[in-house]
Number of protein chains: 2
Amino acid sequence: MDVRRLDLLRELAERGSVHAVATATHRTPSAVSQQIKLLEREAGLPLTERSGRGIILTDAGRALAASAIDVAAAIARAEATWDEYIGDPTGHVRVATFPTAGQTFVPPAVAALSRLPGLTVELTNRDADMTDFPSLTADWDIVIAYSLPGQRSWSGRGLRNIYLLSEPLDVVLPLGHRLAGKSELTPEDLVGEPWIGVPEEFAFDRLLHELEAVTHSEIEVVQRISDNLITEALVAQGIGVAFAPRFTASGPEKGIVTRPLTGVEAFRHVLMLMRPDKAERLAVRTVADEIRRQAVALEASHTPAEEPPLVGPRWV
Amino acid sequence: MDVRRLDLLRELAERGSVHAVATATHRTPSAVSQQIKLLEREAGLPLTERSGRGIILTDAGRALAASAIDVAAAIARAEATWDEYIGDPTGHVRVATFPTAGQTFVPPAVAALSRLPGLTVELTNRDADMTDFPSLTADWDIVIAYSLPGQRSWSGRGLRNIYLLSEPLDVVLPLGHRLAGKSELTPEDLVGEPWIGVPEEFAFDRLLHELEAVTHSEIEVVQRISDNLITEALVAQGIGVAFAPRFTASGPEKGIVTRPLTGVEAFRHVLMLMRPDKAERLAVRTVADEIRRQAVALEASHTPAEEPPLVGPRWV
DNA sequence: GCCCACTGTGTAGCATCGCTACATGGATGT
DNA sequence: ACATCCATGTAGCGATGCTACACAGTGGGC
C-alpha cells in the first residue's frame with residue numbers, strides 16, 4: 001500500500017470530504033478520488049461509501065486510516081533525525097494561538113526563533129470555542145489551546161498534546177469597588193454582583209455556573225462579550241465584574257483591579273496540540289520547544305521565587 | 001524523501017553493493033544507481049562514495065539508512081494491523097534454520113502452519129559459523145540461530161531477536177565406555193580422552209577450550225567434523241568422545257550413549273533473528289509465534305513436569 | 001416540483017517518473 | 001596488457017499521477 005495514498009486516506013478521515021482533502025493537498029477532487037479508488041483496490045475492501053452528497057469512511061477505512069498515522073509519524077521522525085544530523089531545522093511552521101498566549105509567551109518565542117536561518121513561523125490568532133482546537137491541527141502544525149479543570153484534555157483523536165502552563169483566572173473589579181480593598185475574594189463576596197460574561201459556548205461560562213453552585217445563588221450576566229479589552233472597559237465603567245486571565249489583565253491605569261478568587265478552581269491549563277506526524281518534524285519540534293521554554297519562564301515570573309521552573313513536558 | 005528510495009539505501013547499507021541490491025530487489029544496477037542519485041539530491045548530501053570497484057556509504061548515508069529502518073518497520077506494522085483487521089495472515093515466509101532446530105521444533109511448526117490457507121513457509125538449512133546468522137536476515141524473514149553463553153547475542157545490527165530455548169550439550173560416549181556407567185560427568189572425568197571436535201570457527205570449539213581451562217590439561221582433538229551423524233558414527237567406533245545437542249542426539253541403537261556434563265556451561269541458546277520491518281509483517285509474526293510455541297513445547301518435554309512452560313518472549 | 005449548487009466519479013490526454021538496454025569509464029585480478 | 005567486475009550516464013519506453021471536462025446523484029431554496 002502506497003504511503004502517499006495512505007496519507008490521503010488519513011486526511012479524508014480527518015477532513016470528511018474528498019473536496020476538502022483536495023483543497024488541503026493542492027489537488028483536484030478527481031485526483032483524490034482516483035487515488036482512494038486505487039487504495040481500495042490495493043486493500044481489497046471498500047474504504048468509503050456514499051452518504052448524501054459526500055462519502056464517509058467504512059469501518060475498514062477508519063481502521064486503515066488509523067494505522068496510517070504511525071507510518072506518517074515514523075517518516076517524519078526519520079526526516080527529523082536526518083535534519084538533526086545535518087544540523088538543519090529549517091522549514092515553515094504554522095502556529096495557531098489564542099489571545100493570552102498570543103500576547104505573552106509566543107512573541108518572545110517567535111523573536112528567539114527568528115534568529116535561526118531558514119526557520120519561519122507563521123502565526124494566526126483564534127479564539128475558538130472549545131470544540132475547535134483539535135480541528136485546527138489539520139492545517140496548523142502547532143495549536144495552542146486551553147482547557148479548564150474537569151474538561152477533557154483533548155487527548156482523544158490521536159493528537160500529541162504538551163502541557164505548557166496553568167494560568168489563574170482572576171476577578172476584575174472597577175477601581176473603588178467595595179471589594180477592591182480585599183486581597184482575595186471568596187465566592188460569597190460575589191453574590192449579588194452583575195457579571196460581564198462570555199458567549200455561552202465559551203468555557204469561562206462554566207466557571208460562572210460553578211460560582212452559582214457553590215453559593216447557591218443565581219448570577220446575573222448583563223453582557224456577553226468575547227473580547228477581553230471590551231470586557232475590561234465595561235468593568236471599568238462599573239457595569240459588572242468579570243473573569244480575566246492573570247497574565248494579560250490590565251491594571252489601575254485602565255480603571256480596574258484584579259483579585260484572585262478562592263473556593264473554585266479558577267484557572268485553566270494551556271497546552272499545545274499537534275498531529276503526531278507533524279510533531280516529529282524537526283522544525284516543528286524546535287518551535288514547540290522554544291514556545292514551551294518561554295511558557296515555563298512566564299509562569300516562573302508569576303510565582304514565588306522559591307518555586308523552581310517546570311522542566312520537561314507533562315503529558316495530559 | 002521517497003520511502004522506496006530509502007528502502008534501497010537501507011539495502012545498500014546491508015548488502016554493500018549496487019549490484020547486490022539490484023539482484024535482491026529485481027532491478028538492474030543502473031536503476032538502483034539512479035534512484036540512489038535521486039535520493040542524494042533530495043537529501044542534499046553525498047550518501048555514497050567510490051571505493052575500488054564498488055561504493056561505500058558515507059557517514060551521512062549510514063545515518064539516513066539507519067533512520068529508514070524505523071520507517072520500514074512502521075509501514076510493516078501498519079500493514080500487519082491491516083492484515084489482522086481483515087483476518088488475513090497470508091504471505092510467503094522464508095525461514096533459515098540449522099540442523100537441530102530443523103529436526104525438532106521447526107517441522108511441527110510448519111505442519112501446523114500448513115493448515116492456514118494462503119500462508120506458505122519456505123525453509124532452508126544452514127550450518128553457518130557464528131558470524132553468518134545476521135547476514136542471512138537480508139534474504140530470510142526468520143533466521144533461527146544459536147549462541148553459547150559468554151558470546152554476544154546478535155543484539156547489534158538493529159535486528160529483532162527472540163529467545164526460543166536453551167539446549168544442553170551432552171557428552172557422547174561409545175557403548176561400553178568406562179564412563180558410560182555414570183549418570184553425569186565432570187570435566188575431570190574427561191581428562192585424557194581423545195575428542196571428535198568441530199572446525200575451529202564453530203562455537204562448540206570454545207567449549208573444549210573451557211574444559212582445558214577448568215581441568216588445567218590439554219585436550220587432544222583427533223578429528224574435526226561438522227556433521228553430527230558422522231561425529232556419532234566416529235564416537236560409536238571408539239575413536240573419541242564428542243559434544244552433541246541433547247534434543248537430537250541418537251541413542252544406544254547407534255552404538256552411543258549421552259551423558260550430561262557438569263562444571264562447565266555446556267548449553268546453547270536458540271533464538272530467532274529478524275529484520276525489524278520483516279518482524280512486523282503479520283505473516284512473519286504468525287510463523288514466528290508458532291515456531292516459538294513449538295520450541296517451548298519441546299523444551300518442556302525435556303524438563304521435569306513441574307516446571308511450567310515459558311510464556312512470552314525473553315528479549316536478549 | 002423545479003432549479004441550482006455541491007459533491008463525487010469516470011474518461012481522455014499529458015507531463016513526469018522509474019525502469020531497461022546499452023555504452024562507457026575506472027579499479028582490480030591474472 | 002588484457003579480462004573481469006562494478007558503477008554510472010544516456011536514450012527510450014511503459015506506467016503513474018494528475019488536470020480538464022463531462023456526467024450523475026443529493027440536498028436546499030423557492
Side-chain angles (χ1 to χ4, degrees), chain A residues 1-58 60-62 64-65 68 71-72 75 135 138-139, chain B residues 1-62 64-65 68 71-72 75 135 138:
Chain A
M1 281 179 264
D2 190 74
V3 163
R4 283 168 295 195
R5 286 192 268 279
L6 287 174
D7 275 345
L8 289 176
L9 184 69
R10 194 165 57 90
E11 292 287 354
L12 184 57
E14 176 74 30
R15 296 173 189 275
S17 75
V18 166
H19 187 263
V21 175
T23 302
T25 61
H26 311 296
R27 290 178 170 85
T28 62
S30 176
V32 175
S33 181
Q34 287 170 44
Q35 291 294 310
I36 298 294
K37 281 307 181 217
L38 258 176
L39 187 58
E40 282 186 320
R41 229 174 286 151
E42 288 169 350
L45 275 186
L47 303 174
T48 63
E49 60 196 17
R50 302 309 289 262
S51 171
R53 289 195 267 191
I55 55 174
I56 58 173
L57 292 186
T58 60
R62 278 192 292 278
L64 189 55
V71 174
I75 293 173
S135 298
D139 296 304
Chain B
M1 283 182 260
D2 189 74
V3 163
R4 282 169 295 194
R5 286 191 267 279
L6 287 174
D7 274 345
L8 290 175
L9 184 69
R10 194 164 57 87
E11 292 288 353
L12 184 57
E14 176 74 31
R15 296 174 188 275
S17 77
V18 166
H19 186 263
V21 174
T23 302
T25 60
H26 311 296
R27 289 177 170 84
T28 62
S30 176
V32 175
S33 180
Q34 287 170 43
Q35 291 293 310
I36 297 296
K37 282 305 179 218
L38 260 175
L39 187 59
E40 282 185 319
R41 229 174 286 156
E42 288 167 351
L45 276 185
L47 302 174
T48 63
E49 60 196 16
R50 303 307 289 263
S51 170
R53 290 196 267 191
I55 56 174
I56 56 173
L57 291 186
T58 60
D59 286 348
R62 277 192 291 280
L64 189 54
V71 174
I75 292 171
S135 297

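Chain A is the first sequence line, chain B the second, and so forth, proteins listed ahead of strands; every chain is numbered from 1.
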| request: Verify side-chain contact (heavy atoms from CB on, under 4.5 Å) between B/V18 and B/I36, making sure each step is shown before the conclusion. | output: CA-CA 9 Å; B/V18 166; B/I36 297 296; 5.6 Å; no

| said: Tell me every residue that passes side chain to side chain contact (heavy atoms under 4.5 Å, CB included) with B/R53, counting only those two or more places apart in sequence or in another chain. | reply: none

| Between D/dC5 (P) and B/R53 (CZ): distance, integer Å | 8 Å

| task | Report the distance from atom CD1 of B/I36 to atom P of D/dG9, rounded to the nearest whole Å. | result | 13 Å

| task | Name the residue closer to the 5' end of DNA chain D, choosing between B/K37 and A/G52 according to the nucleotide with the nearest heavy atom. | result | B/K37

| query | When you measure from the side chain of B/S51 to the backbone N and O of B/G54, does any donor-acceptor pair fall under 3.5 Å? | reply | no

| field | Results of side chain to side chain donor-acceptor pair (under 3.5 Å) for B/R50 - residues two or more places apart only | value | none

Pick out the pairs of N or O atoms, protein on one side and nucleotides 17-23 of chain D on the other, that lie under 3.5 Å.
from, atom 1, to, atom 2, distance (Å)
D/dG17, OP1, A/R5, NH1, 3.4
D/dG17, OP2, A/R5, NH1, 3.2
D/dC18, OP1, A/R27, NE, 2.8
D/dC18, OP1, A/R27, NH2, 2.9
D/dC18, OP2, A/Q35, NE2, 3.3
D/dC18, N4, A/Q34, OE1, 3.4
D/dT19, OP2, A/T28, N, 2.8
D/dT19, OP2, A/T28, OG1, 2.7
D/dT19, O4, A/Q34, NE2, 3.0
D/dA20, N6, A/S30, OG, 3.1

| Does a side-chain N-to-carboxylate-O contact under 4.0 Å join B/R4 and B/D7? | no

| request: Dump the intermediate steps for side-chain contact (heavy atoms from CB on, under 4.5 Å) on A/L8 and A/L39, then the final yes or no. | output: CA-CA 10 Å; A/L8 289 176; A/L39 187 58; over 6 Å; no

| field | Partner set under side chain to side chain contact (heavy atoms under 4.5 Å, CB included) for A/E14, not counting sequence neighbours | value | A/A138, A/R157, A/R275

| said: Going 5' to 3' along DNA chain C, between which two nucleotides do contacts with chain A fall, using a heavy-atom cut-off of 4.0 Å? | reply: C/dA5 to C/dT11

| task | Round to the nearest Å and state the distance from B/L39 atom CG to D/dT8 atom C1'. | result | 17 Å

| note | By side chain to side chain contact (heavy atoms under 4.5 Å, CB included), A/A31 pairs with (sequence neighbours left out) A/R27, A/T28

